[in-house]
Each structure stands twice: as C-alpha cells, then as structure tokens.
Amino acid sequence: MKSINKRMNKKIILIIAVLAFLMSDCGVTTSFPAREKTSATDNSIVYNKSKKTMTLSWAEFGFSGDYTVERGGSRLATEFTFIGSTSNRKFTDTKPNTSKYENYYRITRDSDTIVLSLEKQLFGDNVYFYDRKYEEAATARNEMNAHFATIGKGGANGEWTTKRQAYYFKPNIGEQTYDPGGSGSASSTEANSIELGFYSHIGGLGKLPADVKLGSVFTRPHLSGGANATCTFWRSIENVTVMRDFGWTVSQSTSARRLQIESTSKYISDVGTSNFWGSGGFIADSRYTSSSRPNWGGQQQWYTRNTVFPAGAGAMGGAYNMVWQGCINAPDADEINSPVPHTPVIREKPFLFMGDDGEYKIFVPSWQKERIGPSWSATDMGKGEIQDLLTDWYVAKEGDTEVEINAALKSGKNIFFTPGHYSLNAPIQVNRKNAILLGAGIASVTLEPTEKNTWGCIYVDDKDGIIVAGLLMDSFNSTTYQIRVGEEGAKASHSANPVLLSDITCRVGGVQSKNVQLHVSMQINSNNVVGDHFWLWRADHGTQPGGPARWTRDRCKNGLIVTGNDVTLYALFTEHHQEYEVIWLGERGRVYFFQNEPPYDPPVQAEWRSQGGRVDGYAAFKVANTVKEHYSIGFGSYAVFTGTDGNVNKQNAFEVPNTPLVKIEKMNVTRFAGPGNILNVINGTGGSTATGVKRVLLYNNGTGTQPFDEEFDLPDQVSWPAYIVME
C-alpha cells in the first residue's frame, strides 16, 4: 500500500485492505494485496478428531460489534455459508465439512475480514490450493494469471524477485476438470492458458496425473517481444494431465515431471512465431497420449528422460543437442539426436499428494535400474513409500532458520520447504540416513550477508539414501561451497541406496549487492550419487550493472567438482564459471547430457589460461588424467565471449585423458555471440567455432593431444576460499 498517504487514518487503511481481500477472493485483480491484521500465531484452528469439531481463535480486530463466521469448502469457494456469530474471539464449528481441509472460515467484524484454515496454518501464505469440488473451472486459471501479471517486477520480468509460490490442485470430482475451455496453441488468447511465471510450481495432489486435469499451460517469454525464452527460468510442473496444449516455452532450471499430455497443437516451445529460440529444458517420467508427436523447434538443446511419445521415428526439433533417455518412440539417432535405450539407475523426485484418508502425504519413489518409460501407469502410482506429512515431516515456512531446520532433521523429521526465501547463517546439515529435503515453488536457501556463514547452504553427510530436491541455492555472502555431498575423502559405498540430488539450482551472482566469491557451487565427494537435473550458474546478468566489474564482483572458480566414484548425472547444465566448470576426479562416472556456455567476461587472455598457463582458457568439462574409466554422451558448449577485449579464445571445450575406458560421445560446439572462439571440440581435435558448428561423434583413447598433468586446486577444510584476495 505504498501509494496510500501515511497520514491516512487507520479505519480507511483497514477498509482498503479488506476490499482488496474480497476482490482477490472473487478472482478480481487488485493492486492492494490482502493481509491479515494480526500475526500468524494469534490466529489458529484446533481440529478435534474424536469430536470432529473445529475450534477457531483469533486476535481482536475491527472496531465494535460481534464477529460473524462463515464457512466455505475452499479458499475461493463460490459459496460461503453463515454459521454463527460471537462477541468472543473464539468459535467452535460443531458440524464442519467431513474433510478437515475442506473448511475455510471467513471471520468478519465491521468492515474487516480474516480467513482461517488448517491448510493455511500448515503451509503458510505462499501455497495456493484449488478445489474443483467448490470452485468454478476458471477460478484457478484466473487467479494464477493475475499473479503472473503482478508478481515480482511485473510478472514476466520478475526474474530477481524473492517471492516464491506453489499452486496445488486437489483431485477432480467425477467428470469435472480444471479446464475453463479454449482452443488453439497455448500462446494464443483463445487457449485460455494458465500462465506460469518465475519461481512458481504447479502440483497435482492426486496419486496419478489423470487425477488432476488442466486445460492449457503456457510459459510466456519476455525477451525480444516474446520470441526469446533464453531467460525463462525457475518454474516447475508435476503430477497433472494437460488436456489441450502444453506450451512449455522455457530454458534452464525448469522441470516438468510426471505429466500426461493429451494434446499438442504445435511446438512444445510455442510462441506462435517461427523465430522463437530457447536454451534447453527438462522433461521426465511423462506420457504423451496425443495423436501427433511434439516438436522442440527453436530449442538449442533439450534433455528428456523416461517419457512415452506417439509412434513415429521422425525428428522432433532442436538445433544442437537433444538427448532422449529411456524413452519410448524417441527420434532416431543422428548428429543432433542421441537416444539412450535405458536409464541405468534412477529414483524419481518425491511429491506431495492427498491420501485416501484426507491427509497430506509425501510419495517417495523407489530406486529402479535399467528403466524404460515412466515410473507410473494409468492405474498404479508406482513403487515407493508413502510418508505422512504431519507425523514424518517438518513443514518449513519462510522465516524459519537453519537452527530450526537442523533441529527438525536431528529429531528424525524430513523437511518440506514451502515456497520462500530462507536466510541462513550456517549450513543445513543433512546428517542421517534416508533424510529428505524437498522444496516447493523454487524455495531458495540463501547465504545472507552477515558473514557468519563461511561454509555454504547445504552439507549432506556421507550416508545412505539422502534426498535433496527442488531447491535453489543463492549466495549473498562469500563461501567455500553452496552444496557439498560427503566430506572430503568420503569412502563409503552407497550402491544399495544411493544419494539423490534432484532439480537443484546453484546461483552465484545476479541478486546480491556486495562482492562475493565461492570456490565451487557443488562438490560431490560421496560415492554412488545420482543427480537428476542441475543448473549450476554463475550469473551472466542480474540486478547490478554488467561490464568488466562482473569478473571481479561475482567470482566462482568451478561449477561442479566430483571426487566420488560411481556418480551418475542426468541433465547437467553448468555455465559461466571462471576456471574449469566441471572437474571430474572420480572413477566410473557417467553424464547423460551436458550444456555449457563459458564465462562471457574473462577480460584478457593472459588472465584466463589453464594447465599452468600453457593452454588458452579452461575446458568446460575436465576429466582428470588420473581417471581410468568414464562415460558420457550428449555434450554442447557454446562460445559467447561478449565481455572480453576481443582477443580471448578457449583452446578446448572438453578435455579427457587418452585412456581406453574413457569415452565421450556426441559433442558439439558453436559460437552464439562475441568475437572469441572455442578452437577445438576435444583434446585439440574437432575444429574451431570460427567456421560454424563443429561435431565429434566419439572420442575414445583418441589421437588428440593428451592434456598436461596438473594438480587441481580443490577446497580443503578451511572456512574461506583463498584463491582471490577480495577488497
């Protein structure tokens, strides 16, 4: 309410606030957000399971008279029924709706209203629930699109906001759906699409994707007049059916999982124009039941895992690097497309759903090997464990600290991070077997600029079965790591129950106001770790001005260091770090899909040389000479040297030892912008981007130049990275 004069009296302020609340509750867009007049601890609901009653209590508000109480079945229910009035600040509903989460109470006094519900009490203010049993089909779509237009810095341009939100849909009733009706491609006005913005998540609360049916979904790009999605980041969707068009027009840090897609009217990356381009994305564990095959036209690259497509062997778009792993009816292999027959070891990401008893649950899928196709069928949610949210989990809300979160972990609870920006003064320490951290709404764990936390965001101990999923790590302060898995020198085998890292983003720069330096965004020291979709990003742009200052302001040597053995990564996006972006020291590593752009901004060649100053630039993916066995497929690195003196090049995109059991398949390089070039694809072979796209189909104990032996500057157990002296 920044536009309201501070001298306005209290009554007018309250009237405006309640009008804003009522307008938003009816699906009307307003510039005044609804707010409670009391703190969350003042307002509460106690559910008596044996008596089946709801007792409401609240802090005093309003000016005079009784409080009136109305009940609706959902937050945006079309009908709220008067159930009583009281002069007290307490009321017991003796005949609530049978399902305890289908009780939303409006309490009004004079012109002021508050809303109480068990869902809001449990999940906080940043989680929005929709229930078709009580709401019109268009209700969710209208509210979400209103959020898209207003959240952060104006909806589509909200790239750096700290706001986070998740939208959860309860299962359909009978033949009902959440589709308001419409036609055409997702980008068209006639489609009536849900538009999903930055830091937003859609989740279905059924056991199966078909339990929640949406109409059309679109992610609208905001660059180049809507044709450029290369900065359409940070959003996710899972466990729903899309009945009409799925226009997932995105790039990095965007996750689409466990979907049923019933129709595709055009391209998956759909802006209704032929000059669209995007920078890649991720789809997994899904089924297309449409009659026509989807097309990724305009995308530079894409990774798709364990997904069923309509029959046909034709290409489905993409310019440089398309990997299809464990997919049914994938495109045929060619220089762009790399079908991989199966997924060697995978555990799907856990998700929130509503159980048959009306309680919230978390489904934790089981490990599977050599998998082809999705983990679920039309009648079976898949193999896994069902955990009760109230008894097995701690539900974290924005404002919770690492002290509270670490105490909950130590007590045996798993952590469900509701959407928010979590400020840390020490790392979250995942210190027991099978512990889970699960984020919703691109929840962010952030090192605040207090200079108390000099280690990182998350430390995962070297123990079996730990899962970290759906989190963004930010750094407002200098540190050694953002996330570390296992201590240096970890030796334990986790082959029977690996560690899973799923939908992880590490971001250096872009948002903070001070100079920061990190040694590495992520270090994996444990053995038998599986990574399923990472974006490790030293930001090439942000809220601060760019230019030469970025090279010394936002510093990070490496995106990923792997010292553990038998580490398998799917969909690895790593960009703009200042030295080797990936250093691989462990044995028997596997990477399926790698996307990279080198740093835009090394100022001069003399400041950007590797291998003891003997080689120009740093390889994006470096397998150490000591490694005896490694396999990877589907690699792309793209030159964008726009912030240099015009004379900076990189000798090799990728470097590996000339060793019989080290094998890299399907590599490509090209130049997108700037004067500099990648001079070779791998080990001095493959050609320069100066003359266009260059590809190497296989490098295995090849004839290229063996990299020089070198010792890598790895983090040791000190609390401050010392590779640069900061001013």
Side-chain angles (χ1 to χ4, degrees), residues 282 284-285 301-306 321-327 330 333 337-348 367-372 485-486 490 493-504 522-536 559-574 580-596 619-637 653-657 659-667 682 696-702:
F282 172 92
D285 200 29
Q301 60 268 314
W302 198 278
Y303 176 83
T304 308
R305 179 176 62 67
N306 292 104
N321 180 30
M322 308 289 286
V323 174
W324 316 86
Q325 185 155 20
C327 293
N337 292 281
S338 302
V340 180
H342 61 264
T343 303
V345 56
I346 191 63
R347 181 182 212 172
E348 296 298 340
W367 284 106
Q368 296 176 296
K369 293 185 177 181
E370 312 300 328
R371 204 178 91 209
I372 299 172
V485 182
S493 171
H494 307 292
S495 58
N497 189 10
V499 174
L500 175 67
L501 309 174
S502 182
D503 288 347
I504 298 296
M522 177 187 292
Q523 182 158 337
I524 299 175
N525 298 312
S526 291
N527 301 318
N528 313 105
V529 174
V530 175
D532 190 33
H533 185 218
F534 297 165
W535 188 31
L536 313 177
L560 172 66
I561 298 173
V562 177
T563 68
N565 296 328
D566 301 292
V567 172
T568 301
L569 303 184
Y570 309 107
L572 173 59
F573 297 77
T574 308
Y580 293 120
E581 309 226 30
V582 176
I583 301 175
W584 205 286
L585 295 159
E587 291 292 348
R588 298 174 299 282
R590 296 176 292 192
V591 177
Y592 300 91
F593 181 92
F594 174 69
Q595 183 268 343
N596 168 260
F621 195 93
K622 175 77 170 181
V623 180
N625 286 354
T626 55
V627 172
K628 303 302 180 186
E629 186 174 349
H630 182 95
Y631 173 76
S632 291
I633 185 171
F635 276 29
S637 185
F654 318 113
E655 291 176 354
V656 302
T659 302
L661 296 181
V662 173
K663 181 178 180 180
I664 311 288
E665 291 190 73
K666 303 292 284 290
M667 294 161 280
I682 185 167
V696 172
L697 296 181
L698 172 65
Y699 192 91
N700 177 214
N701 200 18

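We number each residue from 1, following the sequence as shown.
- Evaluated for a side-chain contact (heavy atoms from CB on, under 4.5 Å) with Val627, the options Lys622, Arg588, Glu587 yield exactly one hit, Glu587.
- One finds the CD atom of Gln368 at 7.5 Å from the CD atom of Glu348 (value rounded to the nearest 0.5 Å).
- From Ile524, atom CD1 reaches atom CG of Asn565 across 12.5 Å, with rounding to the nearest 0.5 Å.
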Legend entry - Residue pair Ile346, Tyr570: steps toward the side chain to side chain contact (heavy atoms under 4.5 Å, CB included) verdict: CA-CA 9 Å; Ile346 191 63; Tyr570 309 107; 3.7 Å; yes
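- Here the side chains of Lys628 and Leu661 are not in contact, with every heavy-atom distance at 4.5 Å or above.
- Although no hydrogens or angles enter the test, the distance criterion places no donor-acceptor pair under 3.5 Å between the side chain of Lys663 and the main chain of Ile633.
- Minimum interatomic distance between Ala571 and Phe282 (heavy atoms only, all atoms of both residues): CB-CD1, 3.7 Å.
- Remark: the backbone N or O of Thr563 is not paired with any side-chain donor or acceptor of Asn525 at under 3.5 angstrom.
- No side-chain donor from either of Ser495 and Asn528 sits under 3.5 Å from a side-chain acceptor of the other.
- Interatomic distance, Asn321 CG to Ser338 OG, rounded to the nearest 0.5 Å: 6.0 Å.
- Here the straight-line distance linking atom NZ of Lys666 with atom CG of Leu697 works out to 6.5 Å at 0.5 Å rounding.
- Closest approach of Ser637 and Ala620 over heavy atoms only: OG-CB, 4.1 Å.
- Side-chain atoms of Asn700 come within 3.5 Å of backbone N or O of Pro660 as a donor-acceptor pair.
- Scanning all heavy atoms of the two residues, the minimum distance from Pro498 to Trp367 falls at O-CZ2, 3.3 Å.
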Are Arg347 and Asp532 close enough, and set up right, to give a side chain to side chain contact (heavy atoms under 4.5 Å, CB included), and what steps lead you there? CA-CA 9 Å; Arg347 181 182 212 172; Asp532 190 33; over 6 Å; no
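- Of the possible donor and acceptor atoms, one in the side chain of Asn596 sits under 3.5 Å from a partner among the backbone N and O of Thr574.
- With contacts defined as side-chain heavy-atom distances shorter than 4.5 Å, the pair Glu655/Ile682 does not qualify.
- At least one side-chain heavy atom of Trp584 sits under 4.5 Å from a side-chain heavy atom of Val567.
- Residues Val623 and Pro657 approach most closely at O-CD, 3.3 Å, considering heavy atoms.
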Q. Should His630 and Val656 be marked as a side chain to side chain contact (heavy atoms under 4.5 Å, CB included) after you check the CA-CA gap, both sets of side-chain angles, and the distance that decides it?
A. CA-CA 9 Å; His630 182 95; Val656 302; over 6 Å; no
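- For the residue pair Arg590 and Thr568, a side-chain donor N or O sits within less than 3.5 Å of a side-chain acceptor on the partner.
- The two atoms that bring Pro344 and Tyr592 nearest to each other are CG-OH, 3.7 Å, heavy atoms only.
- Under the 4.5 Å side-chain criterion, counting only non-hydrogen atoms from C-beta, Arg371 is in contact with Asn306.
- Under the ring-ring contact (aromatic ring centres under 6.0 Å, His included) test applied with Phe573, the options Phe635, Phe593, Tyr303 reduce to a single match, Phe593.
- In this structure, CG in Leu536 is found 6.0 Å from CG in Leu560, a value given to the nearest 0.5 Å.
- His533 and Asp503 share a side-chain donor-acceptor pair at under 3.5 Å.
- To the nearest 0.5 angstrom, Tyr699 atom OH is 9.0 Å from Met667 atom CE.
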